[in-house]
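These numbers come from the heavy atoms of this one structure, side chains and all, not from hydrogens, waters or symmetry mates.
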There are 2 protein chains.
Amino acid sequence: MRKQRHKIYGNCPVEAAMDIISGKWKVVLLFHIMDGTKRFNELGRLLPGLTQRMLTNQLRELEADGVIARTVYLEVPPKVEYSMTPFGMTLEPLLKALWVWSETHVKPRLTAEE
Amino acid sequence: MRKQRHKIYGNCPVEAAMDIISGKWKVVLLFHIMDGTKRFNELGRLLPGLTQRMLTNQLRELEADGVIARTVYLEVPPKVEYSMTPFGMTLEPLLKALWVWSETHVKPRLTAEE
DNA sequence: CGGAATCCCGGTCGATACTG
DNA sequence: CAGTATCGACCGGGATTCCG
């Protein structure tokens with residue numbers, strides 16, 4: 001059983017949804033993986049500041065939620081690829097809405113402050 | 001200066017956006033407040049399990065981010081109302097996308113599991 | 001290369017009690 | 001009614017080390 005970051009599911013599916021995408025790095029990871037299948041260290045390089053531990057952690061949770069798929073290639077050197085599942089792809093409109101809102105309403109504020 | 005739940009802003013406005021709406025109770029609170037102006041204890045009653053401390057905390061952060069407005073009525077008994085700001089209203093499409101995705105893709109999973 | 005295991009610190013949050 | 005104050009447990013997550 002995976003740990004609940006928020007409260008008990010059941011009454012409100014929105015909370016379950018937030019539980020899936022809220023996580024320190026998940027949304028950004030999803031944007032990158034949605035853009036195309038990525039390898040472990042490839043993601044690590046894309047997210048400077050993200051430790052291996054957290055990268056593993058976040059990927060595992062996304063995998064447990066059925067959002068991404070983990071493919072292991074038994075070869076030397078080892079190779080693991082992460083890709084979106086069909087379920088994960090359904091997140092696209094939501095992530096896009098998030099992106100649009102960020103660009104139109106949040107970005108102007110950030111640049112205006114400095 | 002308000003604490004950063006995620007990492008440093010700047011490179012990716014999406015992170016800033018997530019920083020605004022990700023919070024244990026924020027999205028649910030926003031749904032309720034967007035539905036109509038609410039009083040403090042009114043929100044408390046709508047969210048069983050949410051302590052006064054956290055309610056205050058989350059409301060203050062939303063206020064600091066300019067998402068909601070806090071109106072104090074100087075009377076006895078005291079009365080404080082929370083409502084959406086114009087900026088907060090721009091969140092509507094995003095919250096709606098979140099709701100739609102939850103209903104169509106998350107809810108079926110929850111009910112199927114039990 | 002892609003992790004797992006361990007240690008450990010600091011923030012988060014619940015519980016409880018008090019106030020204008 | 002709408003908060004604030006204080007205390008303490010818990011755990012998220014960074015650093016480091018080791019493994020197949």
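- Looking at heavy-atom distances under 4.0 Å, A:Y73 makes no contact with the nucleic acid at all.
- Residue pairs meeting the side-chain hydrogen bond (donor to acceptor under 3.5 Å, both in side chains) criterion with at least one member in residues 91-101 of chain A, sequence neighbours excluded, are A:W101-B:T90.
- Summary of helix geometry: the two end axes of the helix from C:dC1-D:dG20 to C:dG20-D:dC1, each defined by five base pairs via their C1' atoms, are inclined to each other by 50° (rounded to 10°).
- As a whole-Å value, the separation of A:L50 CG from D:dA15 P is 11 Å.
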Enumerate donor-acceptor pairs with a distance under 3.5 Å from any side-chain N or O in residues 30-37 of chain A to protein atoms, sequence neighbours excluded.
none

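- Atom CG in A:L46 sits roughly 13 Å away from atom P in C:dG2 (whole-Å rounding).
- In this structure, A:K38 forms no cation-pi arrangement with A:Y82, as its terminal cationic atom is not both closer than 6.0 Å to the ring centre and no more than 45° off the ring axis.
- Each of B:T56 and B:P77 lies near DNA chain D, and the nucleotide nearest B:P77 is the one positioned closer to the 5' end.
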key: Worked check of side-chain contact (heavy atoms from CB on, under 4.5 Å) between B:N57 and B:L59   = CA-CA 6 Å; B:N57 190 355; B:L59 289 173; over 6 Å; no

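- Between the side chain of B:E63 and the backbone N or O of B:A69, no donor-acceptor pair lies under 3.5 Å.
- The side chain of B:K79 has D:dA2 as its nearest neighbour among D:dG14, D:dA2, C:dG14.
- If you check residues 34-43 of chain A against DNA chain C, the residues with a heavy atom closer than 4.0 Å are A:R39, A:F40, A:N41, listed by number.
- Listed here is the closest heavy atom pair of B:M84 and B:I68: SD-CG2, 4.1 Å.
- Taking the side chain of B:V80 as heavy atoms from C-beta on, and the options D:dC1, C:dG14, D:dG3, the nearest nucleotide is D:dG3.
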Do any N or O atoms of the protein come closer than 3.5 Å to N or O atoms of nucleotides 18-20 of chain D, and which pairs are they?
none

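- Considering all non-hydrogen atoms of both residues, B:A16 and A:V106 come closest at CB-CG1, 3.6 Å.
- OP1 or OP2 of D:dT16 has not a single side-chain nitrogen or oxygen of A:R53 nearer than 4.0 Å.
- In this structure, B:M54 places its CE atom 12 Å from C1' of C:dG11, rounding to the nearest Å.
- Here the P atom of nucleotide D:dG12 and the CG atom of A:L55 are 17 Å apart, to the nearest Å.
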Listing, residues 41-52 of chain A side-chain donor-acceptor contacts under 3.5 Å, not counting sequence neighbours, or none:
| unit_1 | atom_1 | unit_2 | atom_2 | d |
| --- | --- | --- | --- | --- |
| A:E42 | OE1 | A:R39 | N | 3.0 |
| A:T51 | OG1 | A:M54 | N | 3.3 |

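- The CG atom of A:N57 sits 9 Å away from the P atom of D:dG12 (whole-angstrom rounding).
- If you measure from atom CD of B:E75 to atom C1' of C:dG20, you get 15 Å, rounded to the nearest angstrom.
- Seen from the ring of A:F87, B:R109 counts as a face-on cation partner, given the 6.0 Å and 45° thresholds.
- Within the 4.5 Å cutoff, no side-chain heavy atoms of B:T71 are placed close to those of B:V80.
- Taking 4.0 Å as the cut-off between side-chain N and carboxylate O, A:E61 and A:K26 count as a salt-bridged pair.
- As rounded to whole Å, 11 Å separates atom P of D:dG12 from atom NZ of A:K26.
- A:L29 is listed as a side-chain neighbour of A:L55, based on a closest heavy-atom distance under 4.5 Å.
- When each of D:dA2, C:dG14, D:dG3 is scored by its nearest atom to the side-chain atoms of B:R70, the top-ranked nucleotide is D:dG3.
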